[in-house]
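What follows is a single structure, written as structure tokens, with notes after it.
Bear in mind the structure is a predicted one, so any value in this text is a computation, not a measurement. Note: hydrogens, waters and symmetry copies are ignored here, and every other heavy atom, side chains too, is used.
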Amino acid sequence: MAVNIDFAGREYPPNASYEVGREKLREFAESVGATHPAHSDASAARELGYPDVIAPATFAVLVAQRAEAQLVQDPAAGIDFSRVVHAEQRFTHHRPIHAGDRLVTVLHVDAITERAGLSMVTTRSEISTEDHEPVATVVSTLAVRGADA
């Protein structure tokens, strides 16, 4: 089944909130080699004016991927994840993510184009707090290989 180009322009409803945990941020920071104390030490983060430990910049991808699952797991979208190659990821941060945040994400399917046996699927995840404070925008492009690619 090919990627369903009719999904371009679709907007999904906000997903269930994700509570950012201090330990999760520490683990993520360690896994990506982010060594700044504000990622693991609450007092160091507070000295910088944050309410708790803050996330490394790429942590937003974890939150965004929860929303992207709505598209990828929808059989009608026609995305065979075994044929997906991650092509691009961009982050725009409106403020740091910190422990204690309760984040919701609205997924937008901005474009689906076909090129040389590939479907390029571009999504935009708008991440905000439950109180609608913008936190980050994550734009992702997936290349989905067709059956003949």
Aromatic plane relationship, Phe59 with Tyr18 - under 30° parallel, 30 to 60° tilted, over 60° perpendicular: tilted
Non-hydrogen atoms of His93 and Ala60 that approach each other most closely: CE1-CB, 4.1 Å
Polar side-chain atom of Asp101 near backbone of His98 as donor-acceptor pair, under 3.5 Å: yes
Short side-chain donor-acceptor distance under 3.5 Å, Thr141 and Thr122: yes
Shared hydrophobic cluster for Val61 and Val72 (ILVMFWY, side-chain gaps under 4.5 Å): no
Qualifying residue, where the test is side chain to side chain contact (heavy atoms under 4.5 Å, CB included) with Ser140 and the options are His86, Glu88, Gln65: His86
For the student: nearest non-hydrogen atoms of Val84 and Val144, plus distance: CG2-CG2, 3.9 Å
Cluster check Ile79, Val85: I/L/V/M/F/W/Y, side chain < 4.5 angstrom: no
Atom of His94, atom of Ala136 and distance for their closest heavy-atom approach: CD2-N, 3.4 Å
Trace of the side chain to side chain contact (heavy atoms under 4.5 Å, CB included) decision for Val20 with Leu103: CA-CA 8 Å; Val20 180; Leu103 303 175; 3.7 Å; yes
Audit row: His39, His36, side chain to side chain contact (heavy atoms under 4.5 Å, CB included) steps and yes/no: CA-CA 6 Å; His39 300 309; His36 193 285; 3.8 Å; yes
Indicate every side-chain donor-acceptor pair of residues 45-56 with a distance under 3.5 Å to a residue at least two apart or in another chain.
| residue | atom | partner | partner atom | Å |
| --- | --- | --- | --- | --- |
| Arg46 | NE | Pro51 | O | 3.3 |
| Asp52 | OD1 | Arg22 | NE | 2.9 |
| Asp52 | OD1 | Arg22 | NH2 | 3.1 |
| Asp52 | OD2 | Arg22 | NH2 | 2.7 |

Check against side chain to side chain contact (heavy atoms under 4.5 Å, CB included), Val138 and Gln89: CA-CA 7 Å; Val138 180; Gln89 191 87 46; 2.8 Å; yes
Which side-chain N or O atoms in residues 126-135 pair as donor and acceptor under 3.5 Å with protein atoms at least two apart or in another chain?
| residue | atom | partner | partner atom | Å |
| --- | --- | --- | --- | --- |
| Glu126 | OE1 | Thr137 | OG1 | 2.7 |
| Glu126 | OE2 | Arg124 | NH1 | 3.1 |
| Thr129 | OG1 | Asp131 | N | 3.2 |
| Thr129 | OG1 | His132 | N | 3.4 |
| Thr129 | OG1 | Glu133 | N | 3.0 |
| Glu130 | OE1 | Arg102 | NE | 3.1 |
| Glu130 | OE2 | Ser17 | OG | 2.9 |
| Glu130 | OE2 | Arg102 | NE | 3.2 |
| Glu130 | OE2 | Arg102 | NH2 | 3.4 |
| Glu133 | OE1 | Arg95 | NE | 3.4 |
| Glu133 | OE2 | Arg95 | NE | 3.0 |

In one Ile/Leu/Val/Met/Phe/Trp/Tyr side-chain cluster, 4.5 Å: Val139, Val104: no
Candidate pair Leu107 and Asn15, rule side chain to side chain contact (heavy atoms under 4.5 Å, CB included), full reasoning: CA-CA 9 Å; Leu107 179 70; Asn15 64 350; over 6 Å; no
Gln70 side-chain N/O to Ala67 backbone N/O, donor-acceptor pair under 3.5 Å: yes
Taking every non-hydrogen atom, the tightest pair across Ala99 and Gly21: CB-C, 4.2 Å
Any Val106 side-chain heavy atom under 4.5 Å of Glu11 side chain: yes
Tyr12 and Val109, any side-chain heavy atoms less than 4.5 Å apart: yes
